[in-house]
Protein chains: 2
Amino acid sequence: MKADLLVHSAAQLCVIPPHDDGPQRGRSLGDLGLIEDGAVACVDGRIAAVGPTAEIRADWWAAVEIDAAGCVVCPGFVDPHTHVVWAGDRADEFALRIGGATYQEIMARGGGIMSTVRATRAASPTQLLAASRPRLERMLAHGTTTVEVKTGYGLTVADELKMLQVIAALEMSHPISLVPTFLGAHAIPAEYQGDPDGYVDLVVQEMLPAIDAHEMRPFAHLPTPLYCDVFCDQGAFTLEQSRRILEAARGLGLGLKIHADEFANLGGAALAIEWGAASADHLVCTPAEEIQQFGSCDTVAVSLPATPFGLGHCTYSPAGAILDAGGILALASDCNPGTAWCESMPFVIALACRYLRITPAQALVAATLNSAHAVGLGNEVGSLQEGRAADVLVVDLPSVEHLGYRFGTRPVKRVVKGGRVVV
Amino acid sequence: MKADLLVHSAAQLCVIPPHDDGPQRGRSLGDLGLIEDGAVACVDGRIAAVGPTAEIRADWWAAVEIDAAGCVVCPGFVDPHTHVVWAGDRADEFALRIGGATYQEIMARGGGIMSTVRATRAASPTQLLAASRPRLERMLAHGTTTVEVKTGYGLTVADELKMLQVIAALEMSHPISLVPTFLGAHAIPAEYQGDPDGYVDLVVQEMLPAIDAHEMRPFAHLPTPLYCDVFCDQGAFTLEQSRRILEAARGLGLGLKIHADEFANLGGAALAIEWGAASADHLVCTPAEEIQQFGSCDTVAVSLPATPFGLGHCTYSPAGAILDAGGILALASDCNPGTAWCESMPFVIALACRYLRITPAQALVAATLNSAHAVGLGNEVGSLQEGRAADVLVVDLPSVEHLGYRFGTRPVKRVVKGGRVVV
């Protein structure tokens with residue numbers, strides 16, 4: 001049969017099989033479904049067949065072939081937590097942090113998120129798109145083929161909608177698939193500093209209802225809902241405020257996510273689990289009893305090690321405890337201008353191996369199959385199983401172990417998105 | 001006048017001026033000599049002129065021009081401590097370390113350095129060169145234009161000479177300038193496990209005398225000596241053994257270097273200073289009284305933050321104390337297959353900003369001018385002053401602050417080596 005594309009002769013081809021049609025839970029994390037001298041055939045943007053090169057070659061031929069000899073072939077990375085659409089930068093604040101200022105101190109000075117909010121509000125949609133596109137280019141070059149992108153630098157009805165429109169325009173014009181998340185509750189804007197509940201009212205009563213189904217049309221081809229996220233943490237939103245926002249979002253049929261326990265434990269992870277959120281993210285200072293709950297729910301525990309790293313901290317998510325509890329662990333970049341301007345999932349994997357103490361195989365599954373589940377695309381991407389989107393990486397490393405072992409450089413050699421060679 | 005190459009319109013051009021014709025010491029570290037809208041003219045592989053674009057354009061024209069608008073232009077990175085020539089890999093050992101084994105435990109099992117020694121001994125010179133060249137390619141792509149390279153995976157007379165020959169062949173055949181260092185005392189090889197002093201005898205009585213001036217000819221164009229280094233640490237060589245080796249090397253006219261205080265303090269830094277070594281490297285657990293001595297000597301304190309990072313540790317060199325003492329701080333990658341397979345100096349800078357708590361400007365000087373002094377090339381490279389080698393980077397960042405702020409990706413856009421555009 002004729003395929004559109006054949007990637008063949010991979011030293012290691014990682015299928016990353018779902019377990020029970022779902023993510024890889026707990027200590028079963030790290031099943032790569034390795035095929036030596038493997039090949040994958042792509043037809044109409046989908047995986048048509050995967051197996052040993054000799055077997056695939058017996059059934060398939062293609063005009064376009066990629067020789068992956070000496071390389072690892074795996075699914076494209078799914079980065080399930082980013083803030084990659086923003087204007088301006090925070091290089092000045094970085095210098096303050098080196099000088100010892102904490103993230104909360106910088107926020108209190110009107111820096112931090114609010115400085116990005118000012119720049120993002122001031123930017124036209126065109127400027128915002130132009131500022132964000134090079135970051136998506138770097139993500140793609142480093143192997144990310146699906147990325148979740150949050151709003152949350154607008155914090156007015158109009159500016160949050162502007163961010164959603166820019167995310168939609170990028171989805172339409174860039175090879176990466178973008179999954180949108182509404183994060184009106186990213187910070188309490190300056191104009192509501194004395195009245196945080198008034199801002200929550202705005203989010204619940206005006207922002208959420210303003211999101212028109214019409215604007216979600218560019219994402220209709222992805223079988224995932226629009227998500228609503230809340231930054232439930234010290235200096236951001238309380239547990240009660242977070243509950244109000246997520247309740248309203250659920251009423252509107254949105255998927256739920258939460259930023260929990262990045263700096264302080266307010267109970268956000270338990271709230272996410274109680275409400276059946278798709279994911280609870282950060283989880284740096286989550287107490288053991290809340291970690292335990294990840295073992296009996298489908299809420300994905302998303303760790304973002306680039307954030308403590310970006311902040312120069314040494315405390316990371318308790319990944320071992322999440323796995324011991326039987327939880328679903330995923331990895332994300334958190335790409336953002338304040339704490340982690342990093343577009344590279346291979347670097348996130350290298351961090352995870354060292355500071356979450358998980359193996360390269362576990363990190364790879366956490367950055368593909370499991371992270372796909374964190375954005376509702378667990379049956380669409382993140383695995384090279386037949387029928388899934390043909391998002392395929394050729395990584396210039398002789399084995400998966402090298403993915404975490406080496407760091408600081410770009411191991412990805414070729415990127416296939418929806419069956420098309422894009423890098 | 002006609003130049004061979006003109007790099008112009010840089011948003012920030014960093015001359016990195018020497019202080020008193022030398023490195024930037026102590027808290028004076030970080031003087032970039034910034035020129036806005038800057039240009040540099042290169043003639044015969046040297047910097048012919050540097051200044052504002054309008055002034056340079058008034059005096060110079062060139063057939064080859066690089067428009068550096070929106071970019072930082074700075075000297076090529078000098079990486080003054082690497083082990084980039086090796087055969088094999090240690091991906092298996094990385095998995096053991098994730099599981100909790102210490103570096104010393106792995107060494108005690110015959111893993112660690114000895115596994116690379118076995119692979120390097122087994123490799124032909126051609127194989128060793130072929131294995132190392134892609135790593136130099138990645139270094140160059142990330143902006144390193146001068147690199148120190150150590151032997152130390154041979155540990156026999158013949159295999160140490162083989163490594164020196166491969167380093168010489170790379171110097172002759174690759175754009176990067178290589179500075180060779182003899183590190184026969186990298187580890188006590190298996191065959192001398194019960195007789196470490198017998199191995200020191202071999203180093204002193206046979207290896208050092210075997211290094212023929214003839215073999216150093218490929219490096220004659222660089223005004224730097226051959227260096228001799230010793231790994232003075234727990235599990236490696238004692239202070240007394242280190243002293244014997246450095247004494248013999250000094251007698252032969254070699255420059256001196258030392259690995260000190262990576263894991264335990266044996267007094268190696270003080271030894272290096274006492275003997276006027278070019279550099280003392282690692283310096284993770286150096287006590288305050290030894291750090292203080294860096295203020296009154298020309299021995300460069302070389303920090304290698306990729307090594308604690310690679311090991312998943314959280315303790316780094318006390319850079320602030322080195323600067324407070326008035327010492328000369330430099331940065332290196334330590335690129336090696338055990339603890340830090342990392343070819344990227346931009347990543348080392350990002351680490352240094354976070355975990356050594358130095359500014360991007362300080363890190364940039366530490367990775368150029370000061371690191372040039374660590375390899376005896378302080379008057380040759382590491383600065384864009386007139387007369388120096390035309391090793392110039394165009395970095396796709398709007399200001400130097402972004403160099404440490406962003407991480408995990410490759411900010412270097414173009415690399416000029418000896419006046420020639422090589423990336």
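All chains are named by letter (A, B, ...) in the order of the sequence lines, taking the proteins before the strands, and each is independently numbered beginning at 1. None of these values were measured; they are calculated from a predicted model.
Taking the six-membered ring where tryptophan is involved, the planes of B:His402 and A:Trp341 are perpendicular, since the angle between them exceeds 60° and thus also 30°. Ring geometry for A:Phe347 against B:Phe407 counts as perpendicular: the plane angle is over 60°, on a 0 to 90° scale with 30° as the lower cut.
Residue B:Asp89 touches chain A through both its backbone and its side chain, counting heavy-atom pairs closer than 4.5 Å. Contacts of A:Ala141 with chain B are absent, with no heavy-atom separation under 4.5 Å from either backbone or side chain. Residue contact with chain B, scored on non-hydrogen atoms closer than 4.5 Å, involves the side chain of A:Phe94 exclusively. With a 4.5 angstrom heavy-atom cutoff, B:Arg97 touches chain A only via backbone atoms. Looking at B:Ala340, both its backbone and its side chain come within 4.5 Å of chain A, counting heavy atoms on both sides. For B:Leu356, no part sits under 4.5 Å from any heavy atom of chain A, backbone or side chain.
A distance-only check finds a donor-acceptor pair linking the side chain of B:Tyr355 to the backbone of A:His313 [under 3.5 Å]. Judged by distance alone, with hydrogens and angles left aside, the side-chain atoms of A:Arg406 form no donor-acceptor pair with the main-chain N or O of B:Pro337 at under 3.5 Å.
Per-residue counts of heavy-atom pairs under 4.5 Å with chain A were compared for B:Gly99, B:Cys353, B:Ser344; the largest is that of B:Cys353. No other option in A:Ala306, A:Pro360, A:Gly310, A:Gly408 has as many heavy-atom pairs under 4.5 Å with chain B as A:Gly310. Counting heavy-atom pairs closer than 4.5 Å to chain B, the top residue among A:Glu401, A:Arg354, A:Arg410 is A:Arg354.
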Carefully, step by step, assess B:Tyr405 and A:Arg90 under the rule side-chain contact (heavy atoms from CB on, under 4.5 Å).
CA-CA 8 Å; B:Tyr405 169 42; A:Arg90 307 231 292 271; 3.5 Å; yes
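The structure places CD1 of B:Ile98 at 8.5 Å from CD of A:Gln362, a figure rounded to the nearest 0.5 Å.
Considering all non-hydrogen atoms of both residues, B:Leu311 and A:Arg357 come closest at O-NH2, 4.1 Å.
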